[in-house]
Amino acid sequence: MHPGADLKSGKKEEIHLRRALLLDDKNASGAGDAWARFLVQQARFLELARFLRRSPEHLKREDPDFHIGWAYGLAHQWRLMRHHFKRHSQLAQKNKAGANKIQLFCALMCLQKYGPAFELAENILDDARTMPRQYQARMLQPLEYQERLVQPWPWPENGSRTRISHYCAREIKALDEWSRRHPASIWADFYKNCLYTCMGRPEEAQRAQARLRHLPVRRYGWMRLNSGLRNLHLGRYDEAAIDLKACLHASGRFWRVRCLLAEVSLCQGDAPSAWNAFDRAAKRAAPLNRNQIFAWRGEALLWTGDYQEALSWLTQAINQCDYALCWRGAALMLVGKHEEALLDLNRAILPGSEDMEAFIWRGELFRRMGRHQESQKDFDRADRISSWAGDGLYVNRALLRHALGDKIGMRREFNRLDGAVVDFLAGHLRIPLSAAYTDDAVQRILNSGIQLFRGVRREPYLRAIWMRRAAATE
């Protein structure tokens, strides 16, 4: 199949959706919703904002200003975002009985109106005991109410880390100023913790969360999500499980937490508990979140090497979960369907994409197909996105340099691998540990790595999955 076929397919989908819009001026068949989802999946956020401004009736929204502001936020157009959020908050505060409290809370946070925002957040926690489903997001990025309390800012998946970090820094400065006037409030600490976590500054994040661990778990346990994530990324699986279970104690419907607990179980070698956690997450989540859970489960099945089962779950999720494309493309590659894999991976990588994992997978696919120049471009892009792009990138790029006859380049990439990974792979192959492996030993270690990793191309904490499996076969 021609590599541009996926682009033609996307064009056909766009033409079909545009025709449906023309025939459905009142959104009776949901054409407006479908078009909005398409624009979000394509990361065409400015076009989405213009569509919502021009035709708000298509989406049957309570207040178009909130969704227009959210779309501008996804596009990093902060001034326009704040303009529409200000209009939304003025209208919502006049009509308090009919206002969507989560939407108003997000708007107030983005406007740095922290006092009213935190008062409203406490009110949401009061209401959530009896009416949690009230807050399922009628939003462009649907999440349960706890997720939106954790993430009240409109940041796109795989958006520009640099631009978001600049935004975070401004928010932290404003929260610092507010908390000096209100030192007793724990909410400013919590959101500074969230912002520092997003910026990749774990030490500041940990300092900001010092008071959070002593709060009543039943009401505020969900605030320990970032602590759970930090412990997970550090490989402290037992500590991560304690924090994540505290989140569930606050609300059993926190589906993302159940998926993270599934990851913990896989890292600890307990696959049955992991699949049970995914089942419970899907059972208790709102219908609009289930495809995200199916996609997450599909990725987890890549890690365990169950590629056909992964394809089944990812295909279920594909229409409502855009990042499932990356993982389905990976699964297709790993079962040898390279042309089909390329279609998915090309669709997953949008203009301006910051999806490091998608670039690594497509670069690996190009390497396996012998398209070395394209492979190098994708690997270089992944490396620019993150200062730590992972074992999968370094092993793949080393194998690419070997295929090109560049032994110096192969060793350069090999030397970027974590010593613990190299020692484990060498031990698995019964190669004596050395400070200077021969070229043949380096190649054997690299080939063993790409086989043992299976579908793991992410953070170091997931090494436990393939290392446990490899150790069990020795």
Side-chain angles (χ1 to χ4, degrees), residues 30 33-34 36-41 43 59-62 66-67 70-71 74 100-103 105-106 124-125 127-129 131-159 194 221-226 228-229 232 244-245 247-266 274-302 310 312-328 348 355:
D33 288 324
R37 284 196 300 271
F38 175 78
L39 293 176
V40 170
Q41 289 168 358
L59 298 182
K60 299 180 180 178
R61 303 297 186 187
E62 316 88 326
F66 175 81
H67 299 278
W70 195 264
L74 292 172
N100 182 307
K101 293 182 180 181
I102 281 288
Q103 292 179 2
F105 170 75
C106 292
I124 289 170
L125 294 182
D127 288 354
R129 291 289 164 218
M131 298 183 296
R133 292 298 183 186
Q134 174 184 351
Y135 300 120
Q136 281 170 12
R138 287 165 283 181
M139 301 171 72
L140 299 171
Q141 292 176 304
L143 294 170
E144 298 277 7
Y145 78 93
Q146 305 96 330
E147 277 280 342
R148 192 49 69 200
L149 287 176
V150 172
Q151 170 59 20
W153 304 281
W155 297 332
E157 291 283 341
N158 305 311
C194 293
W222 56 274
M223 286 187 172
R224 291 170 63 174
L225 173 62
N226 288 326
L229 285 170
L232 178 58
L244 295 171
K245 287 175 182 177
C247 295
L248 284 184
H249 194 68
S251 175
R253 289 195 176 97
F254 209 160
W255 64 267
R256 184 186 177 201
V257 170
R258 292 193 184 277
C259 293
L260 288 169
L261 282 167
E263 290 194 5
V264 171
S265 294
L266 286 174
W275 309 135
N276 181 57
F278 281 121
D279 286 338
R280 294 183 69 186
K283 182 177 180 180
R284 302 201 65 176
L288 72 173
N289 296 128
R290 285 180 190 144
N291 285 310
Q292 297 178 68
I293 297 166
F294 295 162
W296 202 326
R297 182 176 190 145
E299 187 196 17
L301 287 161
L302 286 181
S312 175
W313 286 99
L314 292 165
T315 299
Q316 286 186 69
I318 213 79
N319 291 328
Q320 299 291 331
C321 181
D322 51 345
Y323 49 81
L325 280 167
C326 168
W327 299 326
R328 191 175 72 170
D355 188 345

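Start at 1 with the first residue, then count along the sequence.
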request  = Find the distance between CZ (Arg258) and SG (Cys247) and round it off to the nearest 0.5 Å.
outcome  = 11.5 Å
request  = Go through Leu248 and Leu261 one step at a time and tell me if the side-chain contact (heavy atoms from CB on, under 4.5 Å) criterion holds.
outcome  = CA-CA 10 Å; Leu248 284 184; Leu261 282 167; 3.5 Å; yes
ask   = Atom NE2 of His249 and atom CG of Leu244: how far apart are they, to the nearest 0.5 Å?
value = 15.0 Å
query = Quick one: does Phe294's side chain get under 4.5 Å of Cys321's, heavy atoms only?
reply = no
query = Hey, what do you get for SG (Cys259) to CD1 (Ile293), rounding to the nearest 0.5 Å?
reply = 5.0 Å
query = Would you say Leu225 and Leu260 make side-chain contact, with heavy atoms under 4.5 Å?
reply = yes
request  = Indicate yes or no: at least one non-hydrogen side-chain atom of Leu125 is less than 4.5 angstrom from one of Leu149.
outcome  = yes
request  = Check the pair Leu266 / Trp275 against side-chain contact (heavy atoms from CB on, under 4.5 Å), numbers first and verdict last.
outcome  = CA-CA 9 Å; Leu266 286 174; Trp275 309 135; 4.3 Å; yes
task = Find out whether Cys106 and Arg148 are in side-chain contact, i.e. whether some heavy atom of one side chain is under 4.5 Å from a heavy atom of the other.
result = yes
Ala274 to Ser265 - nearest heavy-atom pair and separation = N-CB, 3.7 Å
key: Mutual orientation of the aromatic rings belonging to Trp327 and Tyr323 [parallel < 30°, tilted 30-60°, perpendicular > 60°]   = perpendicular
request  = Find the distance between CZ (Arg284) and CZ (Arg290) and round it off to the nearest 0.5 Å.
outcome  = 12.0 Å
message = Could you measure the distance from the OG atom of Ser312 to the CZ atom of Arg328? Nearest 0.5 Å is fine.
response = 11.0 Å
ask   = Do side-chain atoms of Glu299 reach the backbone of Leu301 as a donor and acceptor pair under 3.5 angstrom?
value = no
message = Do Trp296 and Arg256 make a side-chain contact, defined as non-hydrogen atoms from C-beta onward lying under 4.5 Å apart?
response = yes
task = May I ask you to test the Asp279-Arg297 pair for a side-chain heavy-atom distance under 4.5 Å?
result = yes
